[in-house]
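The structure appears below as structure tokens.
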Amino acid sequence: MENKLRIAVLVSGGGTNLQAIIDGIADGSIQNTEIAVVISNNPGVRALERAAEAGVPGVVISPKNYASRADFNEALKAEIDSYHVGLIVLAGCLVTIPGALIDAYENRIINIHPALIPSFSGQGYYGLKVHEAALARGVKISGATVHFVSRDLDAGPIILQKAVAVREDDTPKSLQLRIMEEAEWKIMPEAINLIAAGRVTVADGHVFIK
Ligand code: GRF
């Protein structure tokens with residue numbers, strides 16, 4: 001067996017995407033991958049409980065614990081580097097990723113966004129706000145996107161997308177839950193599995209899956 005893809009998963013809250021990764025590794029739908037560490041910017045969140053239940057090391061690195069954002073950025077990168085991972089996964093991560101980290105891990109950081117990028121993405125579009133905007137616009141289809149992280153927010157090369165029909169009686173909450181269940185929790189594990197299998201390449205800002 002070729003050596004496993006080691007991943008660091010960055011979280012902020014519920015950790016349902018982390019749980020989908022944990023479950024995918026356990027049921028074999030994600031091959032050749034191990035979670036080296038889960039890092040949360042918030043203490044006491046469900047994501048850290050999920051890591052502990054899975055026997056995965058969990059660490060809190062919060063901007064609140066550092067004198068400056070620069071100190072936080074440095075501590076975050078040092079912690080991640082110490083685990084010698086091949087991929088950083090942003091799974092419900094709401095902290096700004098330092099540019100130095102993005103540069104050091106070019107096309108080795110992936111993020112899940114709860115809309116079909118470029119729709120409802122970029123500055124200010126996160127969590128429920130994404131679904132409020134989709135419903136306000138009256139779109140008939142929304143969904144989720146897994147993409148590589150670049151310095152421009154939500155603008156890195158797109159790896160996978162999955163569409164979800166919007167219902168006339170949807171609320172932001174019902175739409176968020178259905179997109180998580182039907183899209184996020186499927187394409188995030190699928191993207192990791194493809195990367196672990198060496199099937200994903202990036203050229204001229206476009207992703208090719210062989
Ligand atoms: C999800 O809507 C995800 O798309 C967004 O953060 C929310 C919570 O994710 N990135 P999780 O349950 O913490 O994985």
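Computed from heavy atoms alone, side chains included, the values below leave out hydrogens, waters and symmetry copies. Both counts, for ligands and for their atoms, begin at 1 and track the order of listing. Keep in mind it's a predicted model, so treat the numbers as computed, not measured.
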Answer yes or no: is there an ion pair linking E49 with R46, defined by an N-O contact shorter than 4.0 Å?
yes
Below 4.0 angstrom from a heavy atom of Q176, which ligand 1 atoms are there? Numbered from 1 as shown, please.
2 (O)
So is V11 close enough to ligand 1, meaning a heavy atom under 4.0 angstrom away?
no
Does some side-chain heavy atom of I7 sit less than 4.5 Å from a side-chain heavy atom of I21?
yes
Establish, from distance only, whether the side-chain atoms of D81 and Y105 form a donor-acceptor pair under 3.5 Å.
yes
Looking only at protein heavy atoms, which one is nearest to atom 8 (C) of ligand 1, and what is the separation?
M180 CE, 4.0 Å
Are any of the N or O atoms of H131 closer than 3.5 Å to those of ligand 1?
no
Scan side-chain atoms only and decide if S40 and N42 contain a donor-acceptor pair under the 3.5 Å cut-off.
no
Any side-chain heavy atom of N111 sitting closer than 4.5 Å to one from V146?
no
For the 3.5 Å polar cut-off, considering only N or O atoms, please tell me whether G15 and ligand 1 meet it.
yes
Would you tell me which option among E184, M188, R46 has the nearest heavy-atom contact to atom 4 (O) of ligand 1?
E184
Any V59 side-chain heavy atom under 4.5 Å of V38 side chain
no
For I112, the ligand 1 atoms whose distance to one of its heavy atoms is below 4.0 Å
10 (N)
Looking at ligand 1, does any of its N/O atoms fall within less than 3.5 Å of an N/O of T16?
yes
Does a side-chain heavy-atom distance below 4.5 Å link T201 with K210?
yes
Atoms in ligand 1 flagged as close to P114, the criterion being non-hydrogen separation under 4.0 Å:
4 (O)
For atom 7 (C) of ligand 1, state which one of S12, G92, G13 supplies the nearest heavy atom.
G92
